[in-house]
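Following: one structure in C-alpha cells, then a few remarks.
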Amino acid sequence: MKGGGTLSVDWLQALLATSVQQQCTVAVWRLPEQQNISVLVSFSGVQTVVDFQKSATLSGFAVTPFYTSGNEIQLVKPDMLFDSNFGDWRIQPHADRNKVNAFLRLLKKQLSSSTDNMSWFVHTSANQQYQADKTAYTKLVAKALGKIQQKTFDKVVLARQKIMTLSASVHPADLFSACLKLYRAGMVSLISAPNLGTWVGASPERLISRDKQGTIRTTALAATQPVPEHVSTSARQSWDNINWSHKARKEQAFVSRFIRDCYQRIGLKNLVEHGPGTVAAYDMLHLQTDFMIEHETTDYLPFLLLAQLHPTPAVCGMDRTAARQFILAEERFSRQLYSGYLGPVNLGGETHLFVNLRCMQFFKQTAALYAGAGITMDSVPEKEWQETELKMQTLSELLR
Ligand SMILES: C=C(O[C@@H]1C=C(C(=O)O)C=C[C@H]1O)C(=O)O
C-alpha cells in the first residue's frame, strides 16, 4: 500500500470502488512540492457552509464549484483520514464505527480479490455535454470582444469542454498517479462523490492558504505560453529570460489588482508582494505575483478573504458580475467544479485552497477536459483557441 509516501494505483482503485459500494465521498490530494498523499473519507457527503466565521472552526476538504449563489463553501467533513507518510487511518471521534468497520472490510476485500475495480461515481451531467468546436469557440471570443468594446466588461475568461473516449483500461487513479509525477509544483487531486462525480486535476493556482505560523498566501496567476522547445529539462529552473507580451502583462495585472483590492477592502495591512515573475506548470509558463501576510491570528480571515476572492479574474473576469453573467449565458456547458476551488481546510492546522484548473471529469466511457483563456481587448480569437488546446494537451495525451 505504501512506498516512499506514495499510494499504488491498485490501492486507489480499490478506494474508489469501496466508496461507490458504500456511497461515501473520497478526496485524495498532494500539495505542491510535497511527497505525502492525503486521503479523506466522508460518510456525510458535501455540506454547504454559509457563515464564514463558522468556517473557521470547521475542518474538511473544500469542493466549491465555480458558480455559487452567495459566498458559501462546499465542504466535505472527514470521518476517516489517511496520510501516506504514516500509512494508517485516523478515525475521527464522531465517526460512525459501524460504517468505518464496513468501509475497512470492503476496502480489504477489494484489495485481496481480483474483482473488477473499474467503478467510480459518475455525475448526472454525463448526458448534458457540449463540446464547442474551433468555430463555435472563436465566434464566442469575438462576441466577448464586442462586449469589451461596449465596455460591458474589461476581461472575461471563456472556457470549453473537450470530450474524450476512455480506453477500456483507463482508471481515474492512473491519471492521478501520472499527474503526481508530472506536476511536481501543482496541487494534484482526485475527488469522487455521489453528487459530484469523479474529478482529477493538477492545479497551478493557489487561491488562499494559511500555514501553522499564520502566514496567509494568495497568488495572481495568468497569461500563458508553452515552455520553449529548446529549453532542456535540466535548464528548467530559471525563467528570467522569458519575454511576455504587453497583452499578457496587462491580463495578469488585472488579477493582481483585483487581489490587492480584496486584501485592502477588508482592511488588511502589511501585504507583502513579490512579482510578477514566470512560473512553470509542467509544460506551460504563466506570470505569477505572490501575496503574503505573516503572523495573522484571526482564524476566520482566510474565509473572509475567500468570500471576496472567488472567482478571481483569472477564471471569471472584470467586472466580475458582468463577466459571470456572460459566462453563464454563453458557454453552454456547466463548469461545475472546474474553476471552482478545492483543498484541505483546517486539517493539521493548515488550509490550502487551489483553483480547480487543468482538470478532467470522468464519466463511464468518456472524460471531459476543461480549459479556458482570458479574453481582453487585445485578444485574437484563434490564439485563444490555441491556448485552450495547449492547456488540455498534457491531460489529453495521458488519456490516450
Ligand atoms: C482558465 C485557466 O487558467 C487560468 C487562465 C490563464 C490565462 O488566461 O492565461 C492562466 C492561468 C490560469 O489562471 C485554465 O487553465 O483553464
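Atoms within each ligand, like the ligands themselves, are counted from 1 in listed order.
Counting only non-hydrogen atoms, the option in Arg160, Arg358, Arg335, Glu251 that gets closest to atom 15 (O) of ligand 1 is Arg358.
Within the listing of ligand 1, atoms 7 (C), 9 (O), 10 (C) sit less than 4.0 angstrom from a heavy atom of Ala223. Interface of Thr224 with ligand 1, defined as ligand atoms under 4.0 Å from a residue heavy atom, comprises 6 (C), 7 (C), 9 (O), 10 (C). Here is the list of ligand 1 atoms found below 4.0 Å of a heavy atom in Ala314: 1 (C), 4 (C), 5 (C), 13 (O). Atom numbering of ligand 1 starts at 1 in the shown order; those under 4.0 Å from a heavy atom of Glu205 are 12 (C), 13 (O). Interface of Leu221 with ligand 1, defined as ligand atoms under 4.0 Å from a residue heavy atom, comprises 11 (C), 13 (O). Taking every non-hydrogen atom of Tyr338 and a distance limit under 4.0 Å, the qualifying atoms of ligand 1 come out as 1 (C), 2 (C), 14 (C), 16 (O). With ligand atoms numbered from 1 in the order given, ligand 1 contributes 8 (O) to contacts under 4.0 Å with heavy atoms of Gly374. Within the listing of ligand 1, atoms 10 (C), 11 (C) sit less than 4.0 angstrom from a heavy atom of His286.
Judged by distance alone, the side chain of Tyr137 and the main-chain N or O of Leu158 form a donor-acceptor pair under 3.5 Å.
Between Val157 and ligand 1, no N or O atom pair is found at a separation short of 3.5 Å.
For the pair Ala222 and ligand 1, a heavy-atom separation below 4.0 Å is found. Contact analysis leaves Gln252 out of contact with ligand 1, as no non-hydrogen atom separation drops below 4.0 angstrom.
Other residues, nucleotides and ligands contribute only 12 or fewer heavy atoms inside 6.0 Å of the NZ atom of Lys77.
Of all protein heavy atoms, the one lying nearest to atom 6 (C) of ligand 1 is Lys391 NZ, 3.1 Å.
Taking the six-membered ring for Trp and thresholds of 30 and 60 degrees, Phe66 and His310 have ring planes more than 60 degrees apart, a perpendicular arrangement.
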